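See structure below.
Chain letters run A, B, ... following the sequence lines, proteins first, then strands; residues in each count from 1. Because the structure is a prediction, the values reported are computed rather than measured. Side chains included, hydrogens not; waters and symmetry mates left out as well; all remaining heavy atoms used.
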There are 2 protein chains.
Amino acid sequence: MELKNTILQLFPKLNEAIGTDGVNILEHSQQMTIPEGTVVFHQGDQCLNYLLIISGSVKVITRAENGREIVLYHITSGGSCVLTTSCLISSEDYPAEGVTESDVLALAIPKPVFEQYMGESRAFRKQVFHSYGDRLIKLISLVEDISFAKLDIRLAKFLLVNGSVNTPIRTTHQALATELGSAREVISRQLKEFENKGWVQLSRGKIEITNHDALARLLPSTN
Amino acid sequence: MELKNTILQLFPKLNEAIGTDGVNILEHSQQMTIPEGTVVFHQGDQCLNYLLIISGSVKVITRAENGREIVLYHITSGGSCVLTTSCLISSEDYPAEGVTESDVLALAIPKPVFEQYMGESRAFRKQVFHSYGDRLIKLISLVEDISFAKLDIRLAKFLLVNGSVNTPIRTTHQALATELGSAREVISRQLKEFENKGWVQLSRGKIEITNHDALARLLPSTN
DNA sequence: ATACGTTAAGTGATAATGTCACTTAAAACG
DNA sequence: CGTTTTAAGTGACATTATCACTTAACGTAT
């Protein structure tokens with residue numbers, strides 16, 4: 001079966017769970033396809049499934065009253081939605097919103113099955129814990145970035161990670177602002193500065209990197 | 001036994017684990033007392049125990065290169081150190097530092113015992129997951145606060161939570177800045193403004209609230 | 001009790017970022 | 001082709017951060 005191989009590849013820790021442990025995730029879970037732009041969960045939502053993303057990407061954001069947003073993280077191929085899981089268990093209000101950024105293929109494991117696996121399979125537990133730990137650590141990095149790192153550096157980093165000299169980045173300044181937790185105007189001005197220095201070329205909905213090295217020199221050596 | 005009752009009170013989800021499940025946490029764990037000001041873990045440290053805090057408090061901070069710090073969260077009585085746990089499992093570098101804020105009494109459960117409990121006790125799993133979820137959600141709130149909330153409001157909130165009209169807050173402006181992820185000078189100026197309005201009275205190492213209601217009016221109604 | 005070193009807090013200038021109230025321009029669509 | 005929508009630009013101003021200090025309060029040793 002094709003899907004099984006894909007899953008095993010994406011979730012190496014699940015090998016045991018699918019194989020020798022006698023629990024077969026595929027039998028007890030459901031494939032879901034979710035179109036782009038769907039709000040997968042809102043603040044305060046309850047979650048009834050443990051979700052594994054097979055393909056596509058989900059962004060998790062919080063919003064302030066004044067409408068400003070910040071992307072907390074993305075869940076991509078091979079990732080699981082730890083926050084929905086934790087929201088299921090914890091009594092606190094779920095403080096974020098998940099939106100698909102592309103068509104998404106996911107595997108939904110119902111809560112009781114999830115709990116059974118947690119008890120029976122060491123491999124499954126490891127997988128779940130690994131996701132949790134990663135998320136926690138990434139969130140801490142986000143806090144660090146937001147409170148310490150300067151915007152030009154964060155912006156340069158984003159550009160370098162998401163584009164290169166021949167692959168332009170297709171996004172709006174607003175989306176970039178949300179991604180970095182800043183304001184559109186600030187991003188626009190910063191990009192304009194980069195453009196004036198000849199490092200990027202801007203057009204509506206598109207950013208082309210024209211001088212990779214100059215942008216890279218902005219980053220601290222540890223990146 | 002006194003300690004057992006204390007633990008059961010602090011970690012209600014552990015009831016089952018200590019009682020009927022046949023695993024006795026007290027037998028397989030070790031009490032530790034840690035003096036105030038001890039660095040419990042550094043960035044990159046490995047952790048060999050799952051830690052439950054019985055009494056006292058640990059603060060978890062990150063530091064920027066320029067020396068600025070921010071408190072990520074505090075672990076107090078009844079809390080567990082999820083980050084050390086996750087650091088044990090995840091391959092990523094541990095991105096924070098833990099420092100005891102007072103003398104701390106903790107219960108250290110060695111890794112193998114921890115893993116055994118995770119397999120055998122549903123209650124223990126719940127406890128662990130609950131801690132994780134709470135931490136994740138609190139970190140998200142922190143991101144929200146840092147990126148959206150104005151400093152005067154965050155400061156007022158802190159003052160109201162940590163002091164009252166007859167119980168002054170004993171802390172330095174520097175510590176406050178770290179707590180809120182700001183700079184000392186900014187905190188000093190903001191506090192001075194509060195003082196000019198007659199809301200607080202400042203002296204070295206001490207902040208007295210003189211007008212609780214005025215401070216409270218600064219906060220959004222949802223708090 | 002006074003002097004001295006240490007730590008906490010204050011200050012002014014300047015830079016970086018965020019906010020507001022718009023305007024201008026590009027694309028999308030009938 | 002003209003009209004909506006959506007994206008991006010702009011100037012003025014507010015807030016927060018940074019730097020390079022100064023001043024004040026406290027602890028300690030004589």
R135(B) NZ/CZ over Y73(B) ring centroid, <6.0 Å and within 45° of normal: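 Because its charged atom sits under 6.0 Å from the ring centre and within 45° of the axis, R135(B) does stack over Y73(B).
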Rounded off to whole Å, could you give me the [atom1]-to-[atom2] distance for the [X] and [N] pair?
{"X": "E65(B)", "N": "dT18(D)", "atom1": "CD", "atom2": "C1'", "result": "16 Å"}
{"X": "E195(A)", "N": "dA8(D)", "atom1": "CD", "atom2": "P", "result": "12 Å"}
{"X": "F148(A)", "N": "dA16(C)", "atom1": "CZ", "atom2": "P", "result": "19 Å"}
{"X": "Q190(A)", "N": "dA15(C)", "atom1": "CD", "atom2": "P", "result": "15 Å"}
{"X": "K206(A)", "N": "dA26(C)", "atom1": "NZ", "atom2": "C1'", "result": "13 Å"}
{"X": "N196(B)", "N": "dG10(C)", "atom1": "CG", "atom2": "C1'", "result": "12 Å"}
{"X": "Q174(B)", "N": "dT18(D)", "atom1": "CD", "atom2": "C1'", "result": "13 Å"}
{"X": "E193(A)", "N": "dA15(C)", "atom1": "CD", "atom2": "C1'", "result": "12 Å"}

Nearest-nucleotide 5' precedence on DNA chain D, A149(B) against S203(A): S203(A)
Sorted by position of nearest nucleotide on DNA chain D, 5' first, the leading residue of K192(A) and S147(A) is K192(A)
Considering only side-chain heavy atoms of [X], which listed nucleotide, [options], is closest?
{"X": "E185(A)", "options": "dA16(C), dA20(D), dT19(C)", "result": "dT19(C)"}
{"X": "H173(A)", "options": "dG9(D), dT19(C), dA9(C)", "result": "dG9(D)"}
{"X": "R189(A)", "options": "dA8(D), dT18(D), dA12(D)", "result": "dA12(D)"}
{"X": "K150(B)", "options": "dT15(D), dT19(C), dA7(D)", "result": "dT15(D)"}

When the ring planes of Y132(B) and Y132(A) are compared, do they come out parallel, tilted or perpendicular, using 30° and 60° as the limits? tilted
Would you please classify the geometry between the F129(B) ring and the F129(A) ring as parallel, tilted or perpendicular, with 30° and 60° separating the classes?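 Tilted.
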Set out, in order, the CA-CA distance, both residues' side-chain angles and the distance that settles side-chain contact (heavy atoms from CB on, under 4.5 Å) for L72(B) and I61(B), then state yes or no. CA-CA 5 Å; L72(B) 295 170; I61(B) 62 176; 5.9 Å; no
Answer yes or no: is there a donor N or O on one side and an acceptor on the other, between the side chain of N49(B) and the main chain of L51(B), under 3.5 Å? no
Kindly say whether, by distance alone, the side chain of R184(B) makes a donor-acceptor pair under 3.5 Å with the base of dG10(C)?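 By the distance-only test, yes, there is a pair.
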Kindly indicate whether the side chain of R204(A) and the base of dT24(C) share any N or O donor-acceptor pair separated by less than 3.5 Å?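 Between dT24(C) and R204(A), which were checked side chain against base, a qualifying N/O pair under 3.5 Å is absent.
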Verify the contact: side-chain N or O of S188(A) to OP1 or OP2 of dG9(D), cut-off strictly under 4.0 Å; return yes or no. yes
